[in-house]
**Q** 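Here's a structure for you.
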Amino acid sequence: MALTLAALVAERSLGLRVRAAEAALDRPIGWVHPTELTDPQAFLEGGELLLTTGLALDETTSPGYIRRLVDAGVAGLGFGVGLSHESIPRSLVDTAEEVGLPVLEVPRKTPFIAITRAVSRAVAADEYASLVRTGKGQQELTRTAVGKGGPGGVVRKLAKLVDGWGLLLDSSGAVIEASPSARPFADELQDDFARLRAGTLVTVVGEYEVVLQTLDTRARGVLAVGTREPLDAAGQHIVNTAVSLLSLALEQNREHSGALRRLRSGLCDLLAAGHGELATRTMKSLWGGVPEAPWSVLAVAGPASARRSLADALDAELAGETVFFGEAGTFVLALGDVEAVVRHASRIGGLHAGLSEPVSIVDFPAGLRQAKQAAEAAKAERSPLVRFAEHAGRGFLEIVDSQAAQAFSDSLLAPLRHHDETGRGELVASLTCWLEHHGHWDLASARLGVHRHTLRNRMRKVAELTGRDLDSPGVRAEFWLALQVSART
């Protein structure tokens with residue numbers, strides 16, 4: 001921390017006395033400059049402690065002299081007595097008190113060089129401390145970046161080093177990483193974020209001064225750092241180091257993510273070509289597992305930007321043993337927990353998904369065709385999701401005599417409706433949900449809000465009342481068509 005006028009006065013060996021503007025002694029001293037010029041403004045940068053014996057000053061010229069020093073931005077004035085003046089001119093002291101410029105009386109026994117040495121030692125110590133702090137901060141940030149902390153660790157470490165908070169924003173202004181309690185500031189920075197094209201922008205949010213600095217990456221990113229006091233030189237160097245490390249990390253992440261996506265797309269091509277064993281073996285070696293077959297293949301269609309957003313979301317949150325996804329032409333394909341994928345797609349908007357019947361690894365090509373057909377149907381209908389079974393059923397119903405179809409539906413479902421009307425259960429709704437989930441007990445029971453044993457008992461009752469075997473694919477198809485006809489009426 002820079003030496004202040006108050007700290008300089010506190011050095012008893014100098015014997016300095018405060019003669020004016022004692023309330024402003026907290027000003028830091030940038031340097032010391034002795035001069036006898038009555039107008040030294042051209043030789044000053046601001047922040048200096050000016051030393052003079054007042055050789056050319058008197059009661060008349062002193063007020064103008066003080067005002068010129070204020071205009072030059074000096075930190076204070078040291079006036080040596082016992083040479084040109086036995087005491088400081090009264091008009092100088094009064095004017096300095098009026099304008100708030102600290103004046104220190106320097107006794108005859110204290111040479112100006114002693115004051116210069118004291119300030120010089122303090123400046124050197126401050127610069128050394130700043131250098132040490134900068135080096136230590138750079139080391140800590142680097143260790144965090146190359147360790148397990150990643151970009152998030154760098155942002156959190158930076159916040160501690162500058163005693164503030166940090167936000168890493170993507171090209172849309174959304175938060176990628178944040179230090180504790182920093183996320184609420186993201187909304188307040190959106191206008192400033194929109195104005196920033198490149199470089200650095202300084203703004204104020206509440207009690208914080210905020211520095212926004214763009215990252216050196218192909219995809220626009222911004223680091224925002226908020227502190228209660230303006231960043232000093234060490235803080236600025238530390239922030240610059242964080243910007244460099246984050247730029248490198250995000251660019252590496254982007255390249256890594258791109259390589260993984262190309263690999264996933266290649267695995268989708270292998271599955272589509274019938275090389276399921278090779279594809280699944282590769283999935284296991286890379287991700288440690290594969291979504292359990294049989295698979296319902298999900299194909300998602302939509303604008304390229306929306307598909308990229310979906311792939312980003314899946315990559316960040318779902319990629320792994322429960323979900324495998326890849327890109328195939330104008331579709332994003334997914335296996336495993338497809339309902340989670342559909343939820344992500346619905347939040348993004350503009351996407352339409354198609355879901356195949358459950359297929360084995362060997363039959364993946366057929367499932368892919370079904371999913372793509374259903375996705376195209378969803379796109380045409382502007383529906384978020386169409387299941388292939390529904391799509392195929394609707395197509396079949398178009399070529400079947402409507403009266404015959406209605407009679408078939410009424411006949412098949414009559415026992416179930418009669419049972420439900422007596423208040424003894426919900427067989428029609430349970431059968432519909434169970435077929436929609438392709439006979440998956442856990443998923444269907446969760447959707448219905450009942451125990452899977454309850455659902456099994458209901459399906460046994462359906463089989464008993466209708467005299468049909470629900471394990472038969474043909475019987476399931478008949479029930480599904482009957483339910484579709486019933487839903488139309």
Side-chain angles (χ1 to χ4, degrees), residues 130-183 185-186 189-190 192-203 209-227 231-265 286-287 305 308-309 311-320 327:
S130 178
L131 183 63
V132 170
R133 181 182 164 215
T134 299
K136 182 179 178 182
Q138 290 173 334
Q139 290 176 353
E140 291 187 26
L141 286 172
T142 303
R143 281 196 297 268
T144 302
V146 301
K148 296 181 179 180
V154 171
V155 172
R156 291 187 291 274
K157 176 63 70 175
L158 172 63
K160 291 182 179 179
L161 291 172
V162 300
D163 191 23
W165 51 261
L167 287 169
L168 181 60
L169 308 174
D170 66 13
S171 58
S172 67
V175 177
I176 301 175
E177 301 289 351
S179 63
S181 305
R183 287 183 180 272
F185 294 103
L189 290 171
Q190 289 305 307
D192 297 300
F193 177 86
R195 290 192 293 119
L196 180 61
R197 290 293 176 265
T200 303
L201 185 149
V202 180
T203 187
E209 179 176 282
V210 183
V211 177
L212 292 94
Q213 190 160 337
T214 56
L215 303 184
D216 187 19
T217 58
R218 278 176 281 181
R220 182 191 179 206
V222 171
L223 175 65
V225 181
T227 52
L231 290 170
D232 56 13
Q236 292 171 8
H237 285 304
I238 290 171
V239 170
N240 288 337
T241 299
V243 167
S244 297
L245 292 171
L246 290 170
S247 297
L248 180 61
L250 292 182
E251 194 64 16
Q252 288 177 334
N253 286 349
R254 196 187 71 82
E255 293 292 342
H256 179 68
S257 296
L260 282 180
R261 288 187 188 180
R262 290 190 292 273
L263 177 57
R264 291 193 188 101
S265 296
L286 290 173
W287 292 287
S305 59
R308 282 195 299 271
S309 297
D312 288 339
L314 298 181
D315 198 21
E317 300 184 36
L318 294 179
E327 296 170 76

**Q** For Gly199, is there any backbone N or O sitting under 3.5 Å from a side-chain donor or acceptor partner on Thr214?
**A**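 Side chain of Thr214 to backbone of Gly199: a pair is present.
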**Q** I need the minimum non-hydrogen distance between Ala178 and Arg156, along with the two atoms involved.
**A**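 The answer is O-CG, 4.1 Å.
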**Q** Can you check whether Ser244 reaches Asn240 side chain to side chain, under 4.5 Å on heavy atoms?
**A**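 No - every pair of side-chain heavy atoms lies 4.5 Å or more apart.
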**Q** Side-chain contact test, heavy atoms from C-beta onward, threshold under 4.5 Å: evaluate it for Pro151 versus Ile176 and give yes or no.
**A** no
**Q** Less than 4.5 Å apart, side chain to side chain, heavy atoms only: is that true for Val175 and Phe185?
**A**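 The answer is no, as the side chains (C-beta and beyond) never meet within the 4.5 Å cut-off.
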**Q** Is a side-chain N or O of Ser179 found less than 3.5 angstrom from the main chain of Gly166, in a donor-acceptor match?
**A** yes
**Q** Evaluate the side-chain proximity of Gln236 to Val211: yes if any heavy-atom separation is below 4.5 Å, no if none is.
**A** no
**Q** So, does Gln190 use its side chain to make a donor-acceptor pair with the main chain of Gly173 at under 3.5 Å?
**A**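 Judged by distance alone, yes, a pair lies under 3.5 Å.
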**Q** For Thr227 and Gly164, work out which heavy atoms get closest and say how close.
**A** CG2-CA, 4.3 Å
**Q** So Val155 and Leu167, do their side chains get closer than 4.5 Å, heavy atoms only?
**A** no
**Q** Measure across Leu215 and Val222 and return the closest heavy-atom pair with its distance rounded to 0.1 Å.
**A**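 Nearest pair, atom of Leu215 first, then Val222: CG-N, 4.2 Å.
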**Q** What I'd like to find out is whether the side chain of Thr241 reaches to under 4.5 Å of the side chain of Thr134, using heavy atoms alone.
**A**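 Counting from C-beta outward, Thr241 and Thr134 never come under 4.5 Å.
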**Q** Evaluate side-chain contact (heavy atoms from CB on, under 4.5 Å) for Phe193 paired with Thr203, printing each intermediate quantity in order.
**A** CA-CA 10 Å; Phe193 177 86; Thr203 187; over 6 Å; no
**Q** Can you tell me how far CD of Glu140 sits from CG of Leu161, rounded to the nearest 0.5 angstrom?
**A** 5.0 Å
**Q** Which pair of heavy atoms, one from Leu231 and one from Glu209, lies closest together, and at what distance?
**A** N-OE2, 4.2 Å
**Q** Given Lys157, which of Leu245, Val162, Ile238, Thr144 fulfils the side-chain contact (heavy atoms from CB on, under 4.5 Å) condition?
**A**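 Between Lys157 and the candidates, side-chain contact (heavy atoms from CB on, under 4.5 Å) is satisfied uniquely by Thr144.
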**Q** Quick one, Leu246 and Glu177 - any side-chain contact, counting heavy atoms below 4.5 Å?
**A** no
**Q** Say you draw a straight line from CG of Leu158 to NZ of Lys160; how long is it, rounded to the nearest 0.5 Å?
**A** 12.0 Å
